[in-house]
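Notes follow once the structure below has been shown.
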Amino acid sequence: MNTESFALRHIGVREEDLQKMLEIVGVKSIDELIDQTIPEDIRLKEGLSLPQALSESEFLKFIQNLAEKNRVFKSYIGQGYHESVIPSVIKRNILENPGWYTAYTPYQAEIAQGRLEALLNFQTVVCDLTGMEIANASLLDESTAAAEAMTMLFDLRARDQKKNGVLKFFVSEEVLPQTLSLLETRSAPLGIELVIGNHEKFDFSSEFYGALLQYPGKYGQVHDLEDFIAQAKEHNIKTAVATDIMSLVMLTPPGEWGADVVVGTTQRFGIPLGYGGPHAAFFATKAAYKRNIPGRIIGLTKDTDGNPALRMALQTREQHIKRDKATSNICTAQVLLAVMAGMYAVYHGPKGLKHIANKIHEYTKTVAQSIEAFGFEQLNTVYFDTIRFKVENVHSIRTISESKGINLNYIDDETISISLNEAFTKKDIRPLVNCFVESQALDDDGGIVEYEGQVIPKKLVRKTPFLEHETFNSYHSETDLMRYIKKLERKDLALNHSMISLGSCTMKLNAASEMLPLSWSNWGNIHPFVPVEQAEGYQLVLRDLEQQLNVITGFAATSLQPNSGAQGEYAGLMTIRAYHQSRGDHHRDICLIPSSAHGTNPASAVMAGMKVVVTKTDEQGNIDVLDLEEKVKEHSDNLAALMVTYPSTHGVFESSIRYITKLIHDHGGQVYMDGANMNAQVGLTNPATIGADVCHLNLHKTFAIPHGGGGPGVGPICVAEQLKPFLPSNPLIATGGEKGITAISSAPWGSALACLISYGYIKMLGADGLTDATKIAILNANFIKERLNGAYDVLYTGEQGRAAHEMIIDCRPFKEKGIEVTDIAKRLMDYGFHAPTVSFPVAGTMMIEPTESESLAELNRFCDAMLNIRQEIEQVSAEDANNVLKNAPHTLAMVTSDEWSFPYSRKKAAYPLEYVADNKFWPSVRRTDEAFGDRNLMCTCPAIEEYAEA
Ligand SMILES: *Cc1c(COP(=O)(O)O)cnc(C)c1O
């Protein structure tokens, strides 16, 4: 046994167990199983052409060397990104803690109260600072949040638009360039016309449905927006304001002027720059728009006993139900980063935040005055942290700055802006000022001018208190915060407790060696808009990762820009759109999507300006080829694309896939493959081989980026040669194809920091390890299938009776016993397990995906739990709902209560199998009441009295 092999650590099944498992599955070898699972005609003939695996220690040395190739400058570039100071207590206890980073989106609220509370804190921070009524938890980046504002306001006025042709959206010229680029991308397919201009000269005409302003503006000028917002309101124009969260500690928030939406990023609340991400963006709006808000909102409700409990609110808005009518395609968000930013506010509290904002502002004034003292003209009359100078010799200032390891924002040939941040200290003043002084060959007379006056007029100074809630005024020592974080962590079930077999989500190991580099400042502290030469380490990693993904998918090129799978879908469809348009096929706008597709597919297609045509599924769960043929022929002239998930969301490798992709090509369409199930393909087949043209990969599923409780994600797209020219660009840093579409994300390479994880995963597994991982993932799924055989029906299998890497079990027959799939999900908690995916893609079912990282022992514990639950179902009757399934989950409070009135024992409730006692997990609340919370939406930290009422 080679104990240095990472594959040995990543893959859970031990060699000595393999034979036992193969016997149960009924094959002689794993290759025999794979032959029975994946159709012959799409199998790869050769192994992946990737370098040999590195051991963990080799990888750490290797990545350390690359880290040293990044040159960490003092970056005063601003533009929506600022160096921040991560409190070590948050770094160690959240960012570096699998209890937080390996959890999934809190679908099972009873075992997710910890991160739900942390997200409620985040929403409270956002609402308080922006002056708005409700906020979500969270969006992918500031620019996408701004685009979501543009589209939400558009949808709000959809009826007017049809009647009156109100399609114009005003964008202030002071909006960040990356945001503007993204608005261009997102507006075009919807027919929204962007009008860019000076908001002070805006002529309020009724052709506009909305407007976006930036506060402070992109070069730091703080405008009083009260009049604009008021006038817009008079003209029935809705306003969105993109803002800087730190500045709102000192400035009057746009919410107080009546803005309809306020967006921004929380990066500077203790999140590393990471060469562009991941960071949590926020979206805050009025309560009246609660049903239109994109993304997830955490809300308060009550549990079975009437105790307060949190859960994701208004779930019916999700794409799974609304599909092509969904408000947005956002699925994976930025939960881990939102948790951290919220915790930053908890740690500092209102007083601490004021100290930080004030310090930044005072230093900015000092730097401004000190440079002005040498005769330079500072152009911002009102500013928070960003000043702007008119200079004669940008070039020489740049040369001097770079020689001092300083980056400024070089706006044009005669203007420079400087943005200060929390990390700025007194020692940084002199070198910064000297960049200007030396460029003029002026004598440095040693003067640092501390300016005592006010640069923010009284009217713009924030007067409203914020973060008065107890949570933000209780944990200001490290001991207290450490314990608060632990208290929340204990309420959540994550991968460090037990297997999370969420089908389609691929909850595999997120190895410590993959995660370690994320804590290093040479990766963390790089601004996304530095000259690429400064980020050589990153450039090498990103290029290499793109190349690895090309090899794995069989495609020609990769863009790492999308920050989630759904964003990848959108990006991929937009490249298809650009391809058709480049050939003059502007009319091709039909997107075929099988009914079993993930809800983000239709939502993304609509965003890309396509019309969704749903195709049927046959009884075996495969694409109904006859129906598909009919629809392809019917729409032949206008066919843009087929979106297909492979292996399908039914957990099957459809054998007709090559026929299907050819059919689409024959009719002029392109094939988009949803790569969420790539864990069943790597090394054995690939999207190019099945005949797709583009796919996204969820690096946070197949390639080991942790789910973070619902994000971050990285959703790169890989494309065939003909789509390569259209890969997304960035307005500030050259990236993407020659005819690249405009931006999909704020940053040129999306969430570059998180890419290090997938890079480590591929580097340490190598070609063989990656392929073995796929094989074992398929073996583990088929092992569960065999063990559950007879107790649960598996809905769909391949032609030879095999599952792919996941399977769907049918829970609908138990309805005659009064048992719903939810009851099984909740009962699993009593056994210490997180439920598999519930009711996707088929209502009333569970989709189980064990992944390769689980051992035989853990698979057996899970199967034992499922089989025991099956017996419990036998024992209940539909007439009496007072049973162990309906009452699940059972909390510690119930089981230790002086009273016990249930018709089964406490032991049966809490320790239904022997192994449970050894590693008991206690759900912290009883079943949450969805309807109550939706009727009484409350999504900021409640006052104590409100808790009492709930
Ligand atoms: C997870 C998933 C998506 C969406 O990916 P996100 O990263 O959550 O946006 C799309 N399709 C399928 C089949 C998925 O499982």
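Scope of the values below: all heavy atoms of this structure, side chains included, with no hydrogens, waters or symmetry mates. All ligand and atom numbering here is 1-based and tracks the order in the structure.
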*Does one side chain, of N510 or T102, offer a donor that lies under 3.5 Å from an acceptor on the other?*
no

*Tell me, please, whether Y107 has R311 positioned over its six-membered ring: NZ or CZ under 6.0 Å from the ring centre and within 45 degrees of its axis?*
no

_Using side-chain heavy atoms (C-beta onward) and a distance below 4.5 Å, is L699 in contact with L549?_
yes

What are the atom names and distances for all N or O pairs under 3.5 Å between ligand 1 and the protein?
residue: ligand 1; atom: 5 (O); partner: N698; partner atom: ND2; Å: 3.0
residue: ligand 1; atom: 7 (O); partner: T332; partner atom: OG1; Å: 3.3
residue: ligand 1; atom: 7 (O); partner: G565; partner atom: N; Å: 2.7
residue: ligand 1; atom: 7 (O); partner: N698; partner atom: ND2; Å: 3.2
residue: ligand 1; atom: 7 (O); partner: H700; partner atom: NE2; Å: 2.6
residue: ligand 1; atom: 8 (O); partner: T332; partner atom: N; Å: 3.1
residue: ligand 1; atom: 8 (O); partner: T332; partner atom: OG1; Å: 2.6
residue: ligand 1; atom: 9 (O); partner: G565; partner atom: N; Å: 3.3
residue: ligand 1; atom: 9 (O); partner: A566; partner atom: N; Å: 2.8
residue: ligand 1; atom: 11 (N); partner: D674; partner atom: OD1; Å: 3.4
residue: ligand 1; atom: 11 (N); partner: D674; partner atom: OD2; Å: 2.6
residue: ligand 1; atom: 15 (O); partner: S504; partner atom: O; Å: 3.2
residue: ligand 1; atom: 15 (O); partner: S504; partner atom: OG; Å: 2.5
residue: ligand 1; atom: 15 (O); partner: K701; partner atom: NZ; Å: 2.8

_Ring centres under 6.0 angstrom apart (H707, Y101)_ = no

*Tell me yes or no: between the side chains of S564 and T332, is some donor less than 3.5 Å from an acceptor?*
no

_Partner set under ring-ring contact (aromatic ring centres under 6.0 Å, His included) for H279, not counting sequence neighbours_ = Y81

